[in-house]
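Just below is one structure, and these are the notes that go with it.
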Amino acid sequence: MPSSRLLVLFGSQTGTAEDVSERLGREARRRRLDCRVQALDSYPVVNLINEPLVIFVCATTGQGDPPDNMKSFWRFIFRKNLPSTALCQMDFAVLGLGDSSYTKFNFVAKKLYRRLLQLGGAALLPVCLGDDQHELGPDAAIDPWLHDLWEKVLELCPMPLGLSVIPPEVPLPSKFALQLLQEAPRECSAGQRGARTEPPSSPSELQPFLARMVTNQRVTGPSHFQDVRLIENTARHVQHFCQVLGLDPDQYFTLQPREPHVPCPERLPQPCSVRHLVSQYLDIASVPRRSFFELLACLSPHELEREKLLEFSSAAGQEALHEYCSRPRRTILEVLCDFPHSAAAIPLDYLLDLIPPIRPRAFSIASSLLAHPARLQILVAVVQYQTRLKEPRRGLCSSWLASLDPAQGPVRVPLWVRPGSLTLPQTPDTPVIMVGPGTGVAPFRAAIQERVAQGQRGNFLFFGCRRRDQDFYWEAEWTELEQKGCLTLVTAFSREQEQKVYVQHRLRERGPLVWELLDRRGACFCLAGNAKYMPADVSEALLSIFQGEGGLSGPDAAAYLARLQRTLRFQTETWA
């Protein structure tokens, strides 16, 4: 009989690839397959030669880089001394997650797919290219691909005679068993396990450095729409969550994995209180993924609620789910309130399967150690906006950071540092054009401080915001650098005239300068900020400049831009 062993390996930066991998694991178990799901760097890569069937799920970050939890695997799999028959016994499939607004869309998945073929692996299907920019998200590509994948897998590993696919309304066993304690323990760590003020090694997600907050000041005007002092007390949300699910927040429990290869979450103390689990670990303020509705439907005893949940978890119901959940940014807690009978019936054991952990938030460093020794500065826009829902949407991490006040006593923030995706030229005479509207200017402040401290003067910054007197970040600093001849600053204040003016308009106005810097002086062009419209608008402005100032045809201008991207002379760092 063929092996029914399936391995799912993922490289995930924001949690999407991990969520898709867990979905693959559930669908495999419903087809009676023995399935393990692991992060790529937690898997002993030398064992790949013994794996008959592997599905790789990987995101692409930055300038076509692999996620942090697959970088060791990435280095190993591209070793030149690996024989071309190393994986000749392995059938594989690759599912990629990316963003088509980036030049190197799904670069990691495409490159891994080619490398596995070079090492003798047999591909079950062409690589799947999930796209965040699609209105329905990556699932628009994933759903039909998975349908074909399971057909191929079941040809290789047919289900045992007499058994069929476990139907979706039957819940699979939970990942953990929660054992309730009769009384609270005498001592229980309430903090993050492993966090310390003097780490013995490089800080990481599991062992962050507890950095002392020195200052926390507002840098926008008092009438600006982003008010960093409107803070929501999440204790109310924790209490409401416990009421909806019928939980006692002061109840303590211990965790026990149901399968031997599944570790307990390192960020949870043992034993742990329900209050700590809900307030410090489970992301009840996040927008639920499709997998949430799938599991909640399995657990629901209420026919009408279960019917709606099944619709939201089906491929045909994704537009309805987008309208209900993604568009208004409805949170997990709000969804549970909308399905009260289902919420009240959730077994405690399934909480960690149902609700994802709070993910770390990444912020660009906005300062250089050469200018601010032993200091690290970040520029945080406190996320708050209104949708059609009554309660405003608020960012979990940004609101928490804004609420901290070191003037009231010592404040520690758990953090670690990883390299950014922007690479600036090392040659001192190479100019750098930096386009950073809004908080996108943060990494360029760090870069300019670093370059000025090293005597590099070819710094050209295009900065955009709404109004000069409201959100012109670091105006005094830029003015001083201009006066010293260290910086050329071009600003776009979009709301100060009847016709809105953005950074792409200023680029077009300075077309001769931009062309001179790029074509004759070999400048590097870097862009940071919101991913929605700005990167495409800036690219369009550059193409216009190449045609108008360089005399290039449309196809030649596109080829010129592609060459800049390929040689890392055009780089982007954007976020949703």
Side-chain angles (χ1 to χ4, degrees), residues 14 16 59-65 96-107 110 129-138 140-141 322 326-327 364 381 385 420-422 432-444 460-466 490-495 499-511 513-515 517-518 523-550 552-576:
T14 63
T16 305
T60 296
T61 68
Q63 313 298 320
D65 302 317
L97 294 163
D99 185 324
S100 58
S101 69
Y102 278 78
T103 306
K104 294 194 172 182
F105 170 57
N106 265 313
F107 180 79
K110 294 172 184 175
L129 304 177
D131 185 6
D132 276 342
Q133 289 297 317
H134 193 283
E135 188 179 39
L136 300 180
H322 181 73
S326 302
R327 191 182 295 279
S364 295
Y385 56 95
S421 62
L422 298 175
V432 179
I433 304 169
M434 295 165 257
V435 180
T439 55
V441 76
F444 299 136
F460 297 82
L461 175 63
F462 287 77
F463 172 73
C465 64
R466 294 192 171 202
V490 181
T491 55
F493 303 112
S494 62
R495 303 299 198 274
Q499 191 76 21
K500 291 178 182 176
V501 175
Y502 298 111
V503 286
Q504 59 266 28
H505 300 122
R506 297 301 190 213
L507 282 166
R508 289 175 188 262
E509 292 172 4
R510 300 297 182 99
L513 172 65
V514 173
W515 178 251
L517 290 170
L518 287 172
C524 180
F525 189 102
C526 296
L527 168 68
N530 191 285
K532 194 168 186 181
Y533 302 117
M534 188 265 300
D537 290 340
V538 168
S539 294
E540 190 177 318
L542 286 177
L543 291 173
S544 175
I545 291 168
F546 299 163
Q547 293 175 73
E549 302 300 329
L552 302 181
S553 65
D556 286 345
Y560 190 95
L561 181 59
R563 188 162 62 250
L564 292 178
Q565 293 166 334
R566 193 168 55 251
T567 57
L568 294 183
R569 287 182 55 211
F570 179 95
Q571 301 176 55
T572 60
E573 185 172 277
T574 59
W575 49 87

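Applying the side-chain contact (heavy atoms from CB on, under 4.5 Å) rule to Gln547 yields the partners Leu543, Ala557; only residues at least two apart in sequence or on another chain are considered. Contacts of Asp131 classified as side-chain contact (heavy atoms from CB on, under 4.5 Å), with partners at least two apart in sequence or in another chain: Ser100, Phe105, Gln133. With sequence neighbours excluded, the residues that form a ring-ring contact (aromatic ring centres under 6.0 Å, His included) with Phe493 are Phe472. Residues forming a side-chain contact (heavy atoms from CB on, under 4.5 Å) with Glu540 (at least two apart in sequence, or on another chain): Arg508. Taking Ser494 as the reference, Arg466, Tyr502 meet the side-chain contact (heavy atoms from CB on, under 4.5 Å) condition, with sequence neighbours excluded. Applying the salt bridge (charged side-chain N to carboxylate O under 4.0 Å, His left out) criterion to Arg506, with sequence neighbours excluded, gives Glu509.
Side-chain atoms of Val514 and Glu549, non-hydrogen and from C-beta on, never get closer than 4.5 Å to each other. Between Val435 and Phe525, the closest side-chain pair of non-hydrogen atoms falls below 4.5 Å. Between Gln571 and Ser421 there is no side-chain heavy-atom pair separated by less than 4.5 Å. In this structure the side chain of Leu507 reaches within 4.5 angstrom of the side chain of Phe462, judged on heavy atoms. Using a 4.5 Å heavy-atom threshold, the side chains of Lys110 and Thr60 count as separate. The side-chain heavy atoms of Leu561 and Ser539, taken from C-beta on, include a pair separated by under 4.5 Å. A 4.5 Å side-chain heavy-atom check between Phe444 and Leu422 finds at least one atom pair inside the cut-off.
Smallest separation of non-hydrogen atoms from Ala528 and Gly440: CB-O, 3.3 Å. The shortest heavy-atom contact between Thr574 and Pro535 is CG2-CG, 3.7 Å. Considering every non-hydrogen atom in both Ala492 and Val501, the closest pair reads CB-O, 3.8 Å.
Once rounded to the nearest 0.5 Å, the distance linking CG of Leu518 with CZ of Phe570 reads 10.0 Å.
Remark: side-chain polar atoms of Asp132 are not paired, donor with acceptor, to backbone N or O of Gly137 under 3.5 angstrom.
Below 30°, between 30° and 60°, or above 60°: for Trp515 and Tyr560 the angle between ring planes is between 30° and 60°, a tilted geometry.
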